[in-house]
Amino acid sequence: MQEEWIGKSRGATVNFKVKETGDDVPVFTTRPDTLWGVTYMSIAPEHPLVEKLVKGTPREAEVMAAVKKMRAGGTSEKELAEREKEGVFTGFHVVNPVNGEEAPLWVANFALMTYGTGAVMSVPAHDQRDFEFAKKYDLPIKAVIFPEGGLDEKEMAKAYVDKGEMKNSGPFTGENDNFGAIEKIIDWLDREGKGKGKGTVNYRLRDWLLSRQRYWGAPIPVIYCDDCGVVPVPEKDLPVLLPTDVEFKEGHGNPLASSESFVNCKCPKCGKDAKRETDTMDTFVDSSWYFLRYCDSKNDEKCFDPEIIKKLMPVDQYIGGIEHATMHLIYARFYTMVLHDLGLVDFTEPFERLFCQGMVCKTAYFCEKCKWLPETEVEFADAEAQNKTQGKVGKCKKCGKDGVTAEMTKISKSKLNIVDPDAMFDKYGTDCVRLYMLSDAPPDRMQIWAEDGINGAWRTLNRLWTMIVEKAGSCAPVDEAMMPTQLNSKNRDLRRKTHQCIQRVTESIEGGFQFNTAIARCNELLNMIRAFKKPINPAVLREVLETVVRIVSPIVPHFAEECWERLGRTESIFTAGWPEADAAVAAEEAIEIPVQVNGKLRSRIKVKPDESESSLRDTALADEKVKASIEGKEIVKVIVVPGRMVNIAAKG
RNA sequence: GCUGGUGUAGCCCAACUGGGAGAGGCGAUCGGCUUAAAACCGAUACAGUGGGGGUUCGAAUCCCUCCACCAGCACCA
């Protein structure tokens, strides 16, 4: 995702020239294979060449009027996306360095000054956007890449952007894979050098709000003086603090600008009256290095001591919402790389591992007139409508209008679909709410908020508690918990299950924090203890109860600590560490494997876990049920997967 | 439009990465306890894995295709 966001693209910069004036107009392209199909060029309305070229020409008025209109358009991505493609001919032409051909130079609103060089070579035959523009303004279309069935420039309904054979392409004519030839063309441009162009890597890091007209954010430490110009705030005066006397008024722009005490200051250079910068930096500026400051937060000499950073960083495991993947996390990485280059940190990546948890979602309701509605303001058409997560559900209680729609989205204050967990904490306790949330779904997945399931977590904790209280007295004493060498099969089963539980929970948590399955394993073990009719061996009992409590301790820490004490432990459970499984104890004594006939389950056989292939085959074929189902049939093949299953393919 | 994710029981979700469709939980039903209800205890039922096609002895899992939902990105040359 980050790769896409920084928009790294490899391509070439190609040096076009204005025919009439000789001005350079470099362009960036990722498709140098289409260089020979250029029929016009588009430059951004903000491009400095626009004014320079048309000044004093007969077309000046017309071009500048059109350019002015284009510049007036918004620059937000949304506006850009919805805008109609427009352009105006400058009256000038450019010369294509690869073949000397001339092409008209246009100004177009879809060319962005902030990307590449602000100029786009246009190949309408092989680029959809260029194609549309060419059709609109009746510009020529020249195909240079041909699919097997050929291509008719006059009949084209859209640009041809797939693979094909290169034609009319100078030294590359005849290449039958244009995409494969791109690298060669870039090499060729590099060799040919200055006149033509060179290989280039481009990025399109978007604006990340370094300056914004808001109160919240770190002030930019800059002062404007009439005489001295832009003057940085001297180090001794840092940091510049936000004023406390600002007035927040709707529609009055930046509140900082209206704070006299903030804006008015003295020039640090000449001492005359000066004005302070009122834009602030986005909070991303701070969140890009806070993890370094945290390591040495009390340091008032410098932002951090590199020695301490060396010890503590990088972060082993970063957990955050997916919404941070493309912004905060990129900035943090970028800052770290800069600090590395400055020699302040000895690593280039701040976070070793990343885990993105899913969002908690809940149905939100929308009324055309009253906008977002809380659930209580919706009059549902029927019981079914109440459970719908999309589409029309009923009337708005506020305005009475029908047609309130439901939508499943991330819980947010603005959409009025928030839940207040306090009531749940009061009723069930934080441990119980946490257990419920973690047991409901894997954490990387979106979770639909529902309180129905919390009873399950409540019951689990109550059962475990009751069990601990009842059985604590029957456990072997803490200090003498020697495991007997001989145990009956029931006790052996319980021990096996205990150690399997440790193994599987460890896997579940290490393999992506899958607490839901970890909790399921614990429930399984608890169910097994409850199903015990006879008394459990005291040593086994201590082992199993302590195991469960230790395993759930990261999820329900307060609860686990209480249980631990009840089991006679005096040290905190968090000094006990994570339990370790004994593989020998966890190993199965006997397993049951399925026997299929033609892929359908016909019987099950009990075998040793390491039963050999031939023995499995014989046991399966000797089974009564299997015999019955293959009677009168010819055995074509017997597939044996040791430890897993037997499948008999029979015909007739 | 592009990219990624998800789709399994009435509901939330498992399934050792190709091998018995069900681990855990919610809810439901029945029974026990109770004067009764809740709680608690015990038991039971419910799907053939979004649709279609393919590969295979065998597909929830792999391939193709279509559908639905969620998320991110979207004139980036």
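Lettering of chains follows the sequences in order, A, B, ..., and the numbering in each one begins at 1.
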S.K.: Distance check, C1' atoms only: B:C70 and B:C76, in whole angstrom units.
M.R.: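 It works out to 26 Å between them.
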S.K.: Using atom NZ of A:K600 as one end and atom P of B:G48 as the other, report the distance to the nearest whole Å.
M.R.: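 Whole-Å distance recorded here is 17 Å.
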S.K.: Will you find, in the side chains of A:Q514 and A:E507, an N or O donor that is under 3.5 Å from an N or O acceptor?
M.R.: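 Side-chain D/A pair, A:Q514 to A:E507: absent.
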S.K.: Taking all non-hydrogen atoms of both residues into account, name the closest pair between A:G643 and A:L616 and its distance.
M.R.: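 Minimum heavy-atom contact is N-CD1, 4.0 Å.
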S.K.: Using a cut-off of under 3.5 Å, enumerate the N/O to N/O pairs linking the protein to nucleotides 13-19 of chain B.
M.R.:
from  : atom 1 : to     : atom 2 : distance (Å)
B:A14 : OP2    : A:R445 : NH2    : 3.1
B:C16 : N3     : A:R644 : NH1    : 2.5
B:C16 : N4     : A:R644 : NH1    : 2.4
B:C16 : N4     : A:R644 : NH2    : 2.1
B:G19 : N2     : A:N647 : ND2    : 3.3

S.K.: Can you tell me, in whole Å, how much space there is between the C1' of B:A21 and that of B:G58?
M.R.: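 Here B:A21 and B:G58 have their C1' atoms 14 Å from each other.
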S.K.: For B:U17, does the O4'-C1'-N9-C4 or O4'-C1'-N1-C2 angle fall within 90° of 0, making it syn, or is it anti?
M.R.: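 Syn, angle within 90° of zero.
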S.K.: If we take the P atom in both B:G24 and B:A14, what is their distance in whole Å?
M.R.: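 Pairwise P distance, B:G24 against B:A14, rounds to 15 Å.
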S.K.: So does A:E589 pair up with A:R496, basic N to acidic O under 4.0 Å?
M.R.: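 Looking at A:R496 together with A:E589, the answer is yes, because their closest N to O distance falls below 4.0 Å.
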S.K.: Classify the nucleic acid contact of A:A649 as base, sugar-phosphate or nothing, counting any heavy atom under 4.0 Å across all strands shown.
M.R.: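 Contact class for A:A649: none.
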S.K.: State whether a side-chain donor-acceptor pair under 3.5 Å links A:S439 with A:N516.
M.R.: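 Note: A:S439 and A:N516 side chains miss the donor-acceptor criterion.
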S.K.: Nearest whole Å is fine: how far is B:A77 P from A:D33 CG?
M.R.: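 Those two atoms, CG and P, are 13 Å apart.
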S.K.: So which nucleotide does B:G58 pair with, by the Watson-Crick or G-U wobble rule with both distances under 3.5 Å?
M.R.: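 The base-pairing partner of B:G58, which may sit in any strand shown, does not exist here.
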S.K.: Mind calculating the distance between CG (A:L601) and P (B:A59) to the nearest angstrom?
M.R.: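 These atoms are roughly 14 Å apart.
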S.K.: What is the ring orientation for A:Y40 with A:F133, classed by angle as parallel under 30°, tilted 30 to 60°, or perpendicular over 60°?
M.R.: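 Taking A:F133 first and then A:Y40, their aromatic rings lie parallel (interplane angle under 30°).
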S.K.: Quick check on A:K142: does its NZ atom have over 12 non-hydrogen neighbours (other residues, nucleotides or ligands) under 6.0 Å away?
M.R.: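 Buried by this count: over 12 neighbours within 6.0 Å.
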S.K.: C1' atom, B:U56 versus B:G50: distance in rounded Å?
M.R.: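 It comes out at 23 Å once rounded to the nearest Å.
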S.K.: Where each residue is assigned the nucleotide of RNA chain B containing its nearest heavy atom, which of A:D130 and A:N523 is assigned the position nearer the 5′ end?
M.R.: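 Upstream on the strand: A:N523.
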S.K.: So what's B:G31 paired with, Watson-Crick or G-U wobble, going by both distances under 3.5 Å?
M.R.: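 With both distances under 3.5 Å, B:G31 matches B:C41.
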S.K.: Give every pair of a protein N or O atom and an N or O atom of nucleotides 40-42 of chain B that lie under 3.5 Å apart, one pair per line with the distance.
M.R.:
from  : atom 1 : to     : atom 2 : distance (Å)
B:C40 : OP2    : A:R459 : NH1    : 3.3
B:C41 : OP1    : A:R463 : NE     : 3.0
B:C41 : OP1    : A:R530 : NH1    : 3.4
B:C41 : OP2    : A:R463 : NH2    : 3.4

S.K.: Does a donor on one side chain sit under 3.5 Å from an acceptor on the other, for A:Q447 and A:D440?
M.R.: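 There is such a pair between these side chains.
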S.K.: Report the distance from atom CG of A:D431 to atom CD1 of A:I555, rounding to the nearest 0.5 Å.
M.R.: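 Going from CG on A:D431 over to CD1 on A:I555, the span is 10.0 Å.
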S.K.: As a test of understanding, state which of A:D130, A:T39, A:D127 forms a side-chain contact (heavy atoms from CB on, under 4.5 Å) with A:S122.
M.R.: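 So the option named by the test is A:D130.
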S.K.: Whole angstrom is fine here: how far is it from NE2 in A:H126 over to C1' in B:C75?
M.R.: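 The answer, rounded to whole Å, is 19 Å.
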S.K.: Could you tell me whether A:E592 contacts a base, only the sugar-phosphate backbone, or nothing, with contacts defined as non-hydrogen atoms closer than 4.0 Å?
M.R.: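 Contact class for A:E592: base.
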S.K.: If I pick the C1' atom on B:U55 and the same atom on B:A43, what distance separates them, to the nearest angstrom?
M.R.: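 To the nearest whole Å, 44 Å.
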S.K.: So what does A:A457 touch, heavy atoms closer than 4.0 Å: a base, only the sugar-phosphate, or nothing?
M.R.: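 Touches nothing.
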S.K.: For a quick test of reading the model: is some side-chain N or O of A:N527 closer than 4.0 Å to OP1 or OP2 of B:A23?
M.R.: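 So the side-chain polar atoms of A:N527 never come under 4.0 Å of the phosphate oxygens OP1 or OP2 of B:A23.
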S.K.: A:I648 CD1 to B:C57 C1': how many Å, rounded?
M.R.: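 Taking CD1 of A:I648 and C1' of B:C57, I get 11 Å after rounding.
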S.K.: How close or far is atom C1' of B:C76 from atom CD1 of A:I43, stated in whole angstroms?
M.R.: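 So the two atoms are 17 Å apart, to the nearest Å.
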S.K.: Count the heavy atoms belonging to other residues, nucleotides or ligands that lie under 6.0 Å from CD of A:E631, then report whether that count exceeds 12.
M.R.: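 Open: at most 12 neighbouring heavy atoms sit under 6.0 Å from CD of A:E631.
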S.K.: A:W449 has an atom CH2; how far is it from atom P of B:C70, in whole Å?
M.R.: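 My rounded result for the distance is 21 Å.
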S.K.: Can you check the A:I454 CD1 to B:C11 C1' distance for me, whole Å?
M.R.: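 For the pair A:I454 CD1 and B:C11 C1', the rounded distance is 17 Å.
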S.K.: Does a side chain donor of either A:N462 or A:R459 reach within less than 3.5 Å of an acceptor in the other side chain?
M.R.: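 Side chains of A:N462 and A:R459: no pair found under 3.5 Å.
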S.K.: Which value, in whole Å, describes the distance between the P atoms of nucleotides B:U49 and B:G5?
M.R.: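 Comparing P positions in B:U49 and B:G5 gives a spacing of 22 Å.
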S.K.: Given the C1' atoms of B:G19 and B:A38, what is the spacing between them in whole Å?
M.R.: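 One C1' to the other, the span is 46 Å.
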S.K.: Roughly how many Å apart are B:C64 and B:C12, using the P atom of each and rounding to a whole number?
M.R.: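 That atom pair is separated by 28 Å.
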S.K.: Both distances below 3.5 Å, Watson-Crick or wobble geometry, any strand: find the nucleotide opposite B:A71.
M.R.: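 Check on B:A71: paired to B:U3, both distances under 3.5 Å.
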S.K.: When syn is taken as a glycosidic angle within 90 degrees of 0, is B:G48 syn or anti?
M.R.: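 Judged by the O4'-C1' to base torsion, B:G48 sits in syn, the angle falling within 90° of 0.
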